[in-house]
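In what follows, every chain begins at residue 1, and chains take the letters A, B, ... in the order their sequences are listed.
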Amino acid sequence: MPDTGKKILIIDGHSILNRAFYGLPDLTNYEGLHTNAVLGFLNIIFKIIDEENPTNVCVAFDVKQPTFRHLVYKEYKGTRKPMPDELREQVPLIKEVLTAMNVTIVEKGGYEADDIIGTLSRVADSAGYKVVIVSGDRDLLQLATDNILVRIPKTKAGGTTIENYYADDVKDLYGVTPVQFIDMKGLMGDTSDNIPGVPGIGEKTASKIIQQWGSVAGALEHIDEIKPPKAQKNLAEFSEQAIMSRELAAIKLDCELDFKLEDTKYENAFNDSSYNIFKRLEFKSLLKKFDNKQTVSELKPDITVVNSTADFAYIEDAAKKSEAVGVYVAHSDDMMLGIAVACDSKNVYLINCSSGIDPDEAVKFIYDLKNAGIIICMEDLKSALKYVDFHECDTNVLDIGVAAYLLNPMEDSYDYDDVAKEYLGNILPSEKELIGKDELNIFTFISDNFLEVFSYKAVVPLLAKDIVMDKLAKEGMLELYNKVELPTVYTLYDMEKRGIRVDKAELEEYSKKLEKRIQELHDSIIGYAGKEFNINSPKQLGPILFEDMGIPGGKKTKTGYSTSVDVLEKVKNEHPIIGDILEYRQLTKLNSTYAVGLVNYISDDGRIHGTFNQTITATGRISSTEPNLQNIPMKLELGRLIRKAFIPKEGYIFVDADYSQVELRVLAHLSGDEVMKNAFLNNVDIHATTASEVFEVPIDEVTSLQRRHAKAVNFGIVYGISAFGLSEDLGISRKEASDFIAKYYDTYKSIKAYLDEQVAHAKEKGYVTTMFGRIRPIPELKSSNFMQRSFGERVAMNSPIQGTAADIIKIAMVRVNMKLKELGLKSQLILQIHDELLIEAAEDEVDIVKKLLVDEMMHAADMTVPLEVGVASGNNWYEAK
DNA sequence: CGGGTCACG
DNA sequence: ACGTACGTGACCCGG
């Protein structure tokens, strides 16, 4: 056979697309086109192309048309489920992509892709090509020879691994040759293609029979010698079906191909048209393969470094013409280095404060623009406030990142590249791609890559402004944006700047106590276990508990034994080690995350200045990082003691206010359920009342167990209840749980109706909204996956409730902060914990602060049930709760 | 860097 | 039959 030095890659199109679709999470581009299968497909074939370096590539697809197999057996592939729509729409898309890449697509009426692949593999082999077949389908293994390689990619979590089969590998795995593999299928059948085979013969038996007799025909010749007896009987009875099944399973090697091998030459895959389509599909990682095109876009403005205030007038003129500017404040850790100002898509001016221009002058220039009524557009307003002193009243200062978050709160980030992609249809290199881990300082400041980043950070918000704001208006979120989200930016900034005072010595002392006890527990646990090991490693702990020590409690996770609290609680009485481990866990958590962890965040001013994020959660809540000040221990006394280390400054005390049952009140209002509304209007114990209603006992006869159960149901309702979840939580049977739920819905009929309505609305529109118009998209409801869809339904029930509560506290938070400032009080808002506000209040202002807090929080929303606020004060956070 | 665990609302 | 409560973030382990 001539070695031509050529190698052809033959790809099983539908099979790989299918694998990719189920291997990747749902992805969509800005048009809402589903793209996960296409991306996965390309990742797989590029990986293989990189490994194989083929000279020729082609992709075979089935044509939706009966083949000879349907004539042989009309039920062929009869049981196959239709493709989900999200996958179906990607079939033309991948063909479009392959065409753009000059990759040959082969398909032919009357033939399946398998037959084309089979034929082509033989033709190419004879013509002296090396042949590599790529499919997700093991049927194709029958095509393997010593020269023809079949590769089967597996998309596992983390990456793609590929199994490789020459003829010998098939033999090693199945004990039969590739051709005998066909005979095996004749006996065992194939459920996915609805090939019947012989009843009662599976993979094991089929393999044995074929190994012994070589083929279906051979086996039939020796029908009397077939073992086991059951197989013999069935094979005799279904011999014709076996012969037919073999015929169905055999891939044809002699189709007529109406194209030449040379047509499949792989060249010029990375051209203008494939570039454009990758861009449209937002395959950013693939765009890097275009080496001379890189990812430079038409949106790369010129950046002019301005070193003299004399040039300000020029910029101001340009700004006045466009009536809006994009502004980015460039700074190092704590020094402003310059301000980038974009007046149009082509020109960005960088006011250089690292030499020459006084930062105060630069900032003043920005104030002048703002005061002239020019709209200031920023990527991230909060992070600029340290240097430019804008205020809540500056209605012409916009945060485009926050606006983009409102339009779709499900994105991971709202950086310039995200906004450009979503709203300008432009793929820009990310900040990370341009500058990686390089540090911005006075020396790196004027370098090309940093300048490019600055220019994007200034120009993108400007260009996206109209699009984003129009869309906000169209979606009915303009008021939410202006009245709630924008002021929230300032409030969060204020809280970050103020920080919270923490008593370092107190934390260290607390840590010492913990460590002493941790050591005791450690020694005790190791003593029980009989050997030294890392208690913090579930991987080591699991086997020691459940194998070495023989404590009952089976596997739970993919990686091994679950050793979580609920598992350990169940076996607490089996061995004293369990109790020690639970206490050890609790104490090490308190020590590492809180006692030791928090000390690392205390600044020179003795305070912790965390970060509040406004664009993270899908529901509209705020999140807190570095450190997370929204999850300081509270539930258990030992942990709660940590709060004694959070203290007000001299002459101040803490005033803490929190909403009572805000989410259930929101639910009562939104659903209009009279029964629950009345409960709140009468200001009764809601969980006891629920218990009384659901269990049909007088309120004063409700047992604590009944109340606990009712409370769990109330929580469950807010979370988008499932009988399973409730039963897990309460440790009751699923039947009991679903009975509770049924009784609950019977009591609160309008709540049931409301929740159903939310799900229906979400299914129709694709999203739900809060009382203030905040949107939560729920793409999961369209999923073909049951689990995902169920999740979507729970989200549809939960989000309007959690989201409305989030809106309410934001409104209260903003008003409280502004009011305190307006009144010129010394007291300051310093923390928000979802339904709670913490104020560092001057001693002489405590009364007015309490009144103000309660007043603003109670009246933050106009609802048909009252909002109740609890308020407390103390000399530390422990006392004030 | 993902999974397990656990802290909060 | 599927495998679950909703929303977060930090720490630790181990590949």
Side-chain angles (χ1 to χ4, degrees), chain A residues 156-159 409-410 533-542 556-568 581-582 584-598 600-601 610-613 616-636 638-640 642-643 658-659 661-663 667 712-730 734 737 741 776 778 780 783-803 805-806 809 831-836 881:
Chain A
K156 272 195 231 156
M410 312 264 295
F533 73 103
N534 188 342
I535 307 169
N536 288 322
S537 165
K539 204 184 161 185
Q540 294 178 40
L541 180 62
K556 211 181 155 191
T557 65
K558 318 160 227 200
T559 45
Y561 295 100
S562 169
T563 64
S564 63
V565 188
D566 40 327
V567 172
L568 295 189
I581 290 170
L582 288 168
Y584 177 88
R585 282 255 180 87
Q586 194 195 339
L587 266 51
T588 51
K589 173 89 175 183
L590 289 174
N591 193 44
S592 63
T593 304
Y594 299 103
V596 177
L598 287 173
N600 296 323
Y601 287 103
T611 303
F612 292 102
N613 310 293
I616 297 290
T617 71
T619 53
R621 276 190 176 178
I622 302 296
S623 92
S624 163
T625 51
E626 295 179 77
N628 183 351
L629 294 169
Q630 291 179 321
N631 73 345
I632 304 301
M634 171 73 192
K635 287 167 186 162
L636 299 172
L638 180 65
R640 194 171 181 160
I642 292 266
R643 293 178 176 232
D658 68 345
Y659 282 117
Q661 308 298 346
V662 62
E663 290 184 336
L667 175 60
V713 183
N714 274 328
F715 269 95
I717 293 292
V718 169
Y719 293 157
I721 199 145
S722 76
F724 184 91
L726 183 65
S727 68
E728 281 288 290
D729 190 53
L730 288 178
R734 245 164 99 174
I741 296 167
R776 158 92 196 243
I778 314 181
E780 293 88 350
S783 167
S784 49
N785 177 307
F786 171 87
M787 194 190 74
Q788 293 236 327
R789 233 175 21 249
S790 307
F791 173 74
E793 288 169 8
R794 294 195 294 273
V795 165
M797 297 189 250
N798 169 266
S799 292
I801 304 170
Q802 188 182 129
I809 187 91
L831 283 185
Q832 185 256 44
I833 309 99
H834 308 308
D835 65 352
E836 169 188 357
K881 266 296 273 184

Value in whole Å for how far the [atom2] atom of [N] lies from [atom1] of [X]:
| X | N | atom1 | atom2 | answer |
| --- | --- | --- | --- | --- |
| A/E728 | C/dT4 | CD | P | 10 Å |
| A/Q586 | B/dT5 | CD | P | 17 Å |
| A/M787 | C/dT4 | CE | C1' | 9 Å |
| A/Q802 | B/dC8 | CD | C1' | 12 Å |
| A/N591 | B/dC6 | CG | P | 16 Å |
| A/M410 | C/dC6 | CE | P | 13 Å |
| A/I801 | C/dC6 | CD1 | C1' | 9 Å |
| A/L629 | B/dA7 | CG | P | 17 Å |

Write down the partner of C/dC2 under the Watson-Crick or G-U wobble criteria, each distance required to be under 3.5 Å. none
Looking only at heavy atoms, what is the nearest atom pair of [X] and [Y], with distance?
| X | Y | answer |
| --- | --- | --- |
| A/L831 | A/I833 | CB-CD1, 4.0 Å |
| A/L590 | A/G639 | CD2-CA, 3.6 Å |
| A/P627 | A/G610 | CD-CA, 4.0 Å |
| A/R640 | A/K881 | NH2-O, 3.7 Å |

Given A/Q802, A/Q630, A/Q832, the one that forms side-chain contact (heavy atoms from CB on, under 4.5 Å) with A/R621: A/Q802
For the side chain of [X] and the backbone of [Y], is there at least one donor-acceptor N/O pair under 3.5 Å apart?
| X | Y | answer |
| --- | --- | --- |
| A/R789 | A/S783 | yes |
| A/R776 | A/A796 | no |
| A/E626 | A/T611 | no |

On a whole-Å scale, what distance lies between the [atom1] atoms belonging to [N] and [M]?
| N | M | atom1 | result |
| --- | --- | --- | --- |
| C/dG3 | B/dC6 | P | 24 Å |
| C/dC2 | B/dA7 | P | 31 Å |
| C/dA5 | B/dG4 | P | 13 Å |

Mind checking if [X] touches a base, just sugar-phosphate, or nothing, with heavy atoms under 4.0 Å?
| X | value |
| --- | --- |
| A/G720 | nothing |
| A/R640 | nothing |
| A/A737 | nothing |
| A/F715 | nothing |
| A/L590 | nothing |
| A/T588 | nothing |
| A/I721 | base |

Which nucleotide in the list C/dG7, C/dA5, B/dG9 gets nearest to the side chain of A/V795? C/dG7
Which nucleotide sits closest to the side chain of A/D729: B/dA7, B/dC6, C/dA5?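 Ranking B/dA7, B/dC6, C/dA5 by closest atom to the A/D729 side chain puts C/dA5 first.
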OP1 or OP2 of B/dA7 versus the side-chain N and O atoms of A/R585: is any pair under 4.0 Å?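 Answer is no, no contact under 4.0 Å.
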So, is A/R794 near the phosphate of C/dC6, with a side-chain N or O under 4.0 Å from OP1 or OP2? yes
Can you check each nucleotide of nucleotides 8-15 of chain C against protein heavy atoms at under 4.0 Å and return B for base, S for sugar-phosphate only, - for none, in 5' to 3' order? SBBSSSSS
